[in-house]
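In what follows, residues are counted from 1 in the order of the sequence shown.
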Amino acid sequence: MKGHRLFYVLAWIVAGLIFLGPFGYSKLFPKPTHYASEVDHFKYGSVGVEAASGVPYEVWRTLPGICMPTAQRAAGYHAFGFQWDPGKATPIGMPLETAVVPRVGVNCALCHVGRVETAAGPRQLVGAPNTSLDLQSYLRFLFRCASSPAFNADTILAENDRLGGHLNPVQKLFYRAVIIPQVKSVLALQQRQLSFMDGQPDWGPGRASGFQPAKVQVLGRPYDGTLDIVDIPPLWDTRLREGGGLHWDGANTSIHEVFLNSGIGNGASAGSINRPNLQRMETWVRDLPSAPYPFPVDSGLAQAGHAVFADNCAMCHAPGGAKLGQVTPIAWLGTDRNRLDAFTVETRDAFLGTRGYAWRYTHFRKTGGYVAAPLDGIWARAPYLHNGSVPNLAALLSAPDQRPLTFHRGVQAYDPDAVGFVSDRGYLYDTRLPGNAATGHAWGTDLSAADKRALLEYLKTL
Ligand code: HEC
Ligand code: HEC
């Protein structure tokens, strides 16, 4: 025991000499990478997560090798549906920056960049929801790995060597004494904080728990028993959202506040959050156009559909519509109310009362329904409704009791007839589970078959 402690003390001293002595602070915490292009900045720019809660890269890269079953190992982190540019060390949305050691963080693009398969190959959709990202499975993998016997310095450092890591003997000592035990205890803490997940239905690909993790991890509140698993929305054309409700229930009305709060929610701290980088992203996505529909459109039919849309939908969904950006009361709307009820008055007050940041939140509110949002790029936002309970637009235009009870999601192949991602394979979604109901939003469901066909064609053009 005593020798063990001495070892730690020595390791700290050695580490201190190496890092602090000759190089100083700027070597320990260098400025984050500057990306000249806006797209690269959005995909890889730091919002300040790495220093506060990033996973040390030299450990992160070894985890598939030491913890995944052999069959899954070849896929590695690809198994979780990340989007990945060729030749990159980390997926899109996982900036790699140094804070004492290189660390993998999170930024907005992890969830807000999607992809679709086309005849010409996969097409990246910057700003679209990542409909294949299975974040919960990724988190569970990290937690399981960190608490397994395989998670020890010998195994991790051997795997790092095997992968061609370049840790020198002194660095290895530092990883052994400080970094690896730290990763283990941080992941164990996160596992305890997020243990509420295990009593709820799985998120599945393309979905995440909206506010519950932040309630526990940021606001420090106990799990309140609510359920708020939602589809990831797109992050483009945010100019269309100004003055209206943001988040599915419209719980905030300031894009700037939602950006700051998202940075914190992703794991930045009051001290580490990178506000200039966030501001650059905020400015850019204001006019980031939604992804155009990548398959043929029958423009005559779409034109006929425009009239149907104007009569039945424009009031709530078109720019200039009287109710665009407004909250539609839940009693009228009739969709699953779990997410609405999960953002409680207490949650609102906790955000409004938050101190300790360089800003105060003033735009959080408690609403009584869900927001009627613009439908730009709606083709890429399947499955539909806030809980992702309806696989495609054809099903959304069917009477609620005619919509599929179960379907599959998470694949990037597309079905242009039904207008949505292919839903006969992938993760099985069950609308009968709590929070997953496909009820409500009956607008358009009693149109004639011809009008529905035309409307579907028009919706492809948005
Ligand atoms: C882990 C996945 C994830 C990451 C990472 C993420 N978001 Fe989101 N984002 C979501 C989900 C899920 C929602 C919807 C939450 C809700 O309303 O319950 C959302 C909602 C939003 C909204 C409101 C959109 C709307 O249609 O109302 C904005 C704006 C936003 N995010 C910006 C960001 C920014 C900026 C970042 C990076 C700092 C970010 N997000 C990172 C998943 C993510
Ligand atoms: C009274 C207002 C209102 C009208 C009219 C209306 N909607 Fe909606 N729409 C909403 C609201 C509110 C939501 C969000 C519901 C939810 O997620 O629970 C929504 C959601 C949607 C979505 C899913 C968005 C997503 O990102 O998943 C689509 C698609 C949609 N509406 C299409 C239409 C079409 C097509 C029409 C006309 C036939 C129409 N809506 C008429 C209020 C309206």
OG (Ser269) and OH (Tyr357) are apart, to the nearest 0.5 Å, by 8.5 Å
Please walk me through it: do Phe407 and Asp430 pass side-chain contact (heavy atoms from CB on, under 4.5 Å)? CA-CA 7 Å; Phe407 63 92; Asp430 191 336; over 6 Å; no
Taking only residues two or more places apart in sequence or in another chain, which ones pass side chain to side chain contact (heavy atoms under 4.5 Å, CB included) with Leu397? Lys452, Leu455, Leu456
Anything under 3.5 Å between a donor and an acceptor, one on a side chain of residues 308-330, the other on a protein residue two or more places apart or in another chain? List them.
residue	atom	partner	partner atom	Å
Asn312	ND2	Val308	O	2.8
His317	ND1	Ala373	O	2.7

If you look at every heavy atom in Gly263 and Leu278, which pair is closest and at what distance? CA-CD1, 4.5 Å
Hydrogens and angles aside, do Thr131 and Gln412 bring a side-chain donor and acceptor to less than 3.5 Å of each other? no
Do Arg280 and Glu38 meet the salt-bridge criterion of a basic N to acidic O distance under 4.0 Å? yes
Between the side chain of Lys43 and the main-chain N/O of Pro95, is any donor-acceptor distance below 3.5 Å? no
Tell me whether Lys88 forms a cation-pi arrangement with Tyr44, defined as NZ or CZ under 6.0 Å from the six-membered ring centre and within 45 degrees of its axis. yes
Identify the two heavy atoms, one from Asn392 and one from Ser423, that lie closest to each other, and give their separation to 0.1 Å. ND2-OG, 4.4 Å
Between Glu58 and Thr62, do the side chains contain a donor N or O and an acceptor N or O under 3.5 Å apart? no
Of the non-hydrogen atoms in Arg275 and Ala358, which two are nearest, and what is the gap between them? NH1-CB, 3.6 Å
Do Asp401 and Arg403 sit within salt-bridge range, that is, some charged N less than 4.0 Å from a carboxylate O? no
Heavy-atom side-chain contact between Trp203 and Leu135 under 4.5 Å: yes
Would you confirm whether Gln217, through its side chain, and Gln190, through its main-chain N or O, come within 3.5 Å as a donor-acceptor pair? no
Answer yes if the side chains of Asn252 and Arg348 hold a donor-acceptor pair under 3.5 Å, and no otherwise. no
Looking only at atom types and distance, does a side-chain atom of Asn274 sit under 3.5 Å from a main-chain N or O of Asn277, one as donor and one as acceptor? yes
Hey, does the side chain of Tyr138 reach the backbone of Tyr77 with a donor-acceptor pair shorter than 3.5 angstrom? no
Salt bridge or not between Arg140 and Asp202? Use side-chain N to carboxylate O under 4.0 Å. yes
So, do Cys67 and Ser148 sit near enough that their side-chain heavy atoms are less than 4.5 Å apart? yes
Inspect the contact between Arg162 and Glu159 and indicate whether a charged nitrogen and a carboxylate oxygen are less than 4.0 angstrom apart. yes
Parallel, tilted or perpendicular, as decided by the 30° and 60° cut-offs, for the rings of His386 and Tyr370: parallel
Provide the closest heavy-atom pair for Pro294 versus Trp379 in the form atom of the first, atom of the second, distance. CD-CH2, 3.4 Å
Ignoring hydrogens and geometry beyond distance, is a side-chain donor-acceptor pair present between Asp228 and Gln212 at under 3.5 Å? no
Are side-chain heavy atoms of Leu139 and Gln191 found at a separation under 4.5 Å? no
Counting C-beta onward and ignoring hydrogens, is there a side-chain heavy-atom pair between Met197 and Gln136 closer than 4.5 Å? yes
Less than 4.5 Å apart, any side-chain heavy atom of Pro374 and any of Arg241? yes
Report yes if the side chains of Arg103 and Trp60 come closer than 4.5 Å at any heavy-atom pair, otherwise no. no
Please collect all ring-ring contact (aromatic ring centres under 6.0 Å, His included) contacts where either partner lies in residues 235-263, sequence neighbours excluded, each pair once. Phe211-His247
Stepwise ring-ring contact (aromatic ring centres under 6.0 Å, His included) check, Phe295 with Tyr293: CA-CA 6 Å; Phe295 308 103; Tyr293 186 69; 5.5 Å; yes
Taking the inter-plane angle between the rings of Phe82 and Phe80 on a 0 to 90° scale, is it parallel (under 30°), tilted (30 to 60°) or perpendicular (over 60°)? perpendicular
Asp249/Arg337 under salt bridge (charged side-chain N to carboxylate O under 4.0 Å, His left out): CA gap, chis, key distance, verdict: CA-CA 10 Å; Asp249 59 344; Arg337 62 174 301 148; over 6 Å; no
Between Trp284 and Phe42, how do the two ring planes meet: parallel, tilted or perpendicular, split at 30° and 60°? tilted
Side chain to side chain donor-acceptor pair (under 3.5 Å) between Ser299 and Gln303, intermediate numbers included: CA-CA 6 Å; Ser299 54; Gln303 210 165 352; over 6 Å; no
Shortest non-hydrogen separation from Gly164 to Arg61 and the atoms involved: C-NH1, 4.3 Å
Between Thr461 (side chain) and Glu457 (backbone), is there a donor-acceptor pair under 3.5 Å? no
Answer yes or no: is there a donor N or O on one side and an acceptor on the other, between the side chain of Ser398 and the main chain of Gln402, under 3.5 Å? no
Is it true that a side-chain atom of Arg360 and a backbone atom of Leu352 form a donor plus acceptor pair closer than 3.5 Å? yes
Check whether Arg115 reaches the backbone of Leu125 with its side chain - one donor and one acceptor, N or O, closer than 3.5 Å. no
Does one side chain, of Thr344 or Lys215, offer a donor that lies under 3.5 Å from an acceptor on the other? no
Check against side chain to side chain donor-acceptor pair (under 3.5 Å), Gln200 and Tyr223: CA-CA 12 Å; Gln200 302 192 335; Tyr223 171 50; 2.8 Å; yes
Are Asn130 and Leu110 close enough, and set up right, to give a side-chain contact (heavy atoms from CB on, under 4.5 Å), and what steps lead you there? CA-CA 7 Å; Asn130 183 349; Leu110 180 68; 5.8 Å; no
Kindly indicate, with the supporting measurements, whether the criterion side-chain contact (heavy atoms from CB on, under 4.5 Å) is fulfilled by Val126 and Leu288. CA-CA 9 Å; Val126 176; Leu288 173 66; 4.3 Å; yes
Would you say the side-chain atoms of Arg381 pair up with the backbone N or O of Asp376, donor to acceptor, closer than 3.5 Å? yes
Strictly by modelled atom types, are Thr362 and Glu257 linked by a side-chain donor-acceptor pair under 3.5 Å? yes
Heavy atoms of other groups near Glu242 CD, more than 12 under 6.0 Å: yes
Taking the side chain as C-beta and beyond, is there a heavy-atom pair between Tyr384 and Leu393 under 4.5 Å? yes
Working note: Asn436 + Arg207, criterion side-chain contact (heavy atoms from CB on, under 4.5 Å); need CA distance, chi angles, decisive distance, verdict. CA-CA 11 Å; Asn436 284 8; Arg207 300 205 308 166; 3.2 Å; yes
Looking at Thr431 and Leu405, would you say the former's side chain and the latter's main chain have a donor-acceptor pair under 3.5 Å? yes
Test salt bridge (charged side-chain N to carboxylate O under 4.0 Å, His left out) on Asp237 and Arg239 and set out the steps. CA-CA 5 Å; Asp237 283 337; Arg239 70 194 141 76; 3.0 Å; yes
Heavy atoms only: give me the nearest Ser272-Gly48 pair and the separation to one decimal. OG-O, 2.6 Å
Working to the nearest 0.5 angstrom, can you tell me the gap between His441 NE2 and Leu385 CG? 6.5 Å
Are the side chains of Phe351 and Leu219 in contact, using a 4.5 Å heavy-atom criterion? yes
Just by distance, no angles: are the side chains of Asn387 and Ser389 close enough, under 3.5 Å, to form a donor-acceptor pair? yes
